[in-house]
Amino acid sequence: MSIYCEVIFPLPVFQTFLYRLPEHLEQVVRIGSRVLAPLGPRKLAGYVVEIKKLEREPEFEVKEVDGCEEFVLPEKLIKLATELSRRSLSAPGLFLEMAEPPAVRQKVRMKLAITEKGLTELDSGRIKGRRREILTMLKDRDLSPLYIRRALKIKEISPLVKELAGEGLIVVKEKKIRKKQQTSAVKPHFQQLALPVWPEGMPEPAKKIIEALEKRSGGSFLLTGEFERRLEFLKPVVEFNSSNIGFTLILVPEIQRLERFQRFQKSFPWPAVVWHSQLTGKQKSETWRQLSSGQVRIILGTRAALFLPLEPLSLIIIDEEQDENYYQTEGPSFDVREAASLRALLENGLVIQMSDCPRVSTYFHHQQKATVIDLGKEEVKYTVEFHRQDAVKLLKGNFGQEVARKLEEGEKVFFLVNRKGYAGYVYCPGCGFVARCEKCRIPLKLDMNEGELICDYCGMKNPVPDSCPVCQQKLRPGRGKGSQFLKEQLERLFPGKAVELLEEGAEERDCRKALKRIMAGRSSLVVGTDYALSRLPEKSFSWLVLLSPEFTLNLPDFQAGEKTYSRISRARELLKNDEKSRLVVLTSGPPPEMLTLAVCGDYENFYRREIDYRQLLNYPPFSSLLEIGIEGRSLRSSGRGSRLLLESLHADFPTLELIGPKLTRKKWKKGQREVKLLIRLPAAETEILSYLIEFRQKKPALRLRARIFD
DNA sequence: AGCACGCCGACT
DNA sequence: GTCGGCGTGCTC
C-alpha cells in the first residue's frame, strides 16, 4: 500500500493537494519537508503538512512527489501559518512562504530568442500586429517576456509567447540561476550556557518577568515610558533569557526603527543579528549561517523575523506596539502583534510590548491583568503654543522673524504637514469648476514636482489644463495647501536657506542625501509628512510646527484619537527637550483638548478620555469589532460581493450589528479597491470566522480579509 | 499564482 | 469573421 502526503503550496488557495510518495522518499519525507511536485503544467515547491495511508484510491488522479529537499519547516511554524490563515482569511501557503529559509528558491530566468524561421517569416511580411512587434524586438537581441510586456504594454504575454514558440518562430531559453549557497539543513539552534547568568540589582517588576521566563508559563507585559528607560529595564531581562532560557526576538515596526537598538544590541556579550525582508540573498545566507552556529541569541527584526525557525523562542519584545505598520496589508494580511502572541503561545514564550503611547485596548487589557510596567517619562521642558492661523500668514509676521533668528543660531525647524503635493484641488475662479478624476469623481490633487494633476484614489495622472474647460479662465490652486506649497513659501520667506522636503514617493537615495544635509546642518528647514517622522533623527529640532494635526482626529475611524496621539507623540521625539525648544500647533478651529494632551505627552488623561468615549459608544475594548475586506477583480465585483455577504450575514446572524460598508483604497495597488465591512462581534468569534471561510468557498473569486479589534 | 476556457465588443 | 480583453474555474 502506498503512502500519501498532503502538500500546501505558496499560492493564494485554501486547499491542500494530495500526492503519492515514491518508495525512495517514504523514509525521507517528513511533516514540514519541502517537496517538489507537479501542479498542472508546472512544478512547484510546497510543504508537507500530513503523511497518511489511504483505504482506497481517491477518485481523482494522484500524481507523485518529484523530489524532496533537506530543509524541514518546524511543525510549530506550520501551526502558526494555519492559525494565522484561519484568523486572517489569507491563504496558509503565503504564510509558509514567509518562513522559507534563504536561497532555497531557485530562480529561473527566461529569455526569448528569434529562430531562423522567425527571421524569414518576419522578412516575408506575413506577420502582422503584436506578433510582428515582438519578433522585431527580438531581432537585435534576446529579451525576457517581462521586458517585452512592459515595452509593448501588453496585458497578457504568455499566450502570445506560447503561440510564437509553438509555430517555431521563437525559442524559450531557460537559464537556471544557480543557488550561490546551499542553505544548511541545520536550523538555528540554541546553546544553553554552562554557567547560568543571574543578573543582580533588578527592579521588582523585572524579577516578575524573569520568574515567568523561567517557568516558561507564557503571558505578556506592557512596558510604558521613555525609550532609554525601557532599554535599561530590558537589559537584565534579555541577558537572563538569552543566557539561560532561549532566543530573544526584538520586533520593530519598520526597518528604520532598527537603528535605535544598535547600541543596545552591542551591549551583550553575544553576537546579535538583524533580519528583515530587505536583506540581500547573500546577507540572508550569511545571517542564517550565523544563526545555525548556535552563537547568536538575540535577533532584531521586522515581521519577517517572526517566521524564523528559532527554538526555543522564549521572549518576544514588540517595540512601539501602537505602530500601524504592524498590520500588514500586502500579501497575506495579518497583525504582527497577534502573530507574535500566537508564536509565543506555541513556544511557551513571553511577550513584552513596549510603547509610550500604547493603543487604548492594549493598555486596558494589561491594566486589567496588572501587567503594566510604567517606567515614567522625561519632564516636558519645551514650550507649547497654539495658533489659529494659516502657516504662511503666521510666518510673514513676528513668528517668521523668530524663526529666522533661530536659523541664524544654527538651529533646525521641522514642519509636519498632512498633505502631499501642492494643493488639494484646482478650481476656476470664474465659474467654480473643479478638476475631477474621470473614474473616481474626486477632486484631483495638484502636484508641482510632477507638473500634473493626480488622483489620490486611483493614482491616475492628468496634465494640468491651461484653462477652465467651461469658461476658459485660468485655473487656480485651491485651499488646502500641501507640502510643496509650504516648501515654496518657505523658500520665498527665507531666501538663501535650503528647504528639504521629505515625503513618500521620493527616491530612497534622495531621501538619504537630504537627511545627510540636515544632519550636517546644511539644511535647517524641513517640511515633511508622516513619511519623514520615521526617518528624521530624534531630538534634532529646536522648533516643531504641526500644521492642522487635528485633521486626523476627524477621520471616520474609532481609532482616530489614538492614531492622532501616536502621530504627535512620534513628532515630539524629533524635538529637543530643553527650555529653548518650542512646539507650535496650528489649527483651523479651537484646538481640541485631545491635542493639548498629546503635545504634552499626557497619556494618562488622554487614555481616560478615550476609554470613556469607547465605553460610551461600545467600541473596543468593550466590544470586539470584525473588519472584513472584500476585494474582487473589479470594484463592481467587490461591491456585489459585499452586498451578497451582507445579506447572507443578516439572514444567518439576525442580531449582528453592522457598521459600514465603505470603500477603501490601496496605494500599493493603484486602481484596485476593496469594500470594507465593520461588524460588532458577538462573543463567539470562531463561529463567524468559520462562516466566512464557508462563504469564501462558495465565492472563490472574492478575496476576503479579516481583522479583529478587541 | 498561472493557465485554459469561454464570452463579448471592435477592428484588420 | 477573428483578435484581444476580461471573468471564471481548476490545479492532487
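Atom set for the values below is all heavy atoms of this structure, side chains included, hydrogens, waters and symmetry mates excluded. Residue numbers begin at 1 in each chain, while the letters A, B, ... track the order of the sequences.
The pair E100(A)-K284(A) fails the salt-bridge criterion, with no side-chain N (NZ, NE, NH1 or NH2) lying under 4.0 Å from an Asp/Glu carboxylate O. A salt bridge is absent between K79(A) and E75(A): the closest approach of a Lys/Arg side-chain nitrogen to an acidic carboxylate oxygen does not fall below 4.0 angstrom. Under 4.0 Å is where a charged nitrogen must lie from a carboxylate oxygen, and between E631(A) and R705(A) no such pair does.
At whole-Å resolution of the value, CD in E64(A) and P in dC12(C) are 14 Å apart. Counting to the nearest Å, the P atom of dT11(C) and the CD atom of E6(A) are 14 Å from each other. The separation between F9(A) atom CZ and dC10(C) atom P is 18 Å, rounded to whole Å. For the pair L164(A) CG and dC3(C) P, the computed distance is 13 Å after rounding to whole Å. Following rounding to the nearest Å, I51(A) (CD1) and dC12(C) (P) show an atom-to-atom distance of 20 Å. Whole-Å rounding puts the F14(A) CZ to dG9(C) P distance at 16 Å. As a whole-Å value, the separation of I8(A) CD1 from dA1(B) P is 17 Å. Residue L18(A) contributes atom CG, which lies 13 Å from atom P of dT11(C) at whole-angstrom precision.
Residue E61(A) is classed as a sugar-phosphate contact, given heavy-atom separations below 4.0 Å to backbone atoms only. P58(A) comes within 4.0 angstrom of no nucleic acid atom, judged by non-hydrogen atoms across all strands. Nucleic acid contact for V13(A): base, since at least one base atom lies under 4.0 Å from a heavy atom of the residue. Within 4.0 Å (heavy atoms only), R20(A) reaches no atom of the nucleic acid at all. Within the nucleic acid shown, Y19(A) comes within 4.0 Å of sugar-phosphate atoms alone, with no base atom in reach, counting heavy atoms only.
When side chains are defined from C-beta on, I78(A) counts as touching L96(A), because their heavy atoms get closer than 4.5 Å.
Contact between the side-chain N/O atoms of R703(A) and the OP1/OP2 oxygens of dA1(B) is found at a separation under 4.0 Å.
Closest contact between the side chain of L11(A) and the listed nucleotides dC3(B), dC12(C), dA1(B) involves dA1(B). The side chain of P12(A) sits closest to dA1(B) out of dT11(C), dC3(B), dA1(B).
The aromatic rings of F95(A) and F307(A) sit parallel, their planes meeting at an angle under 30°, below the 60° perpendicular limit.
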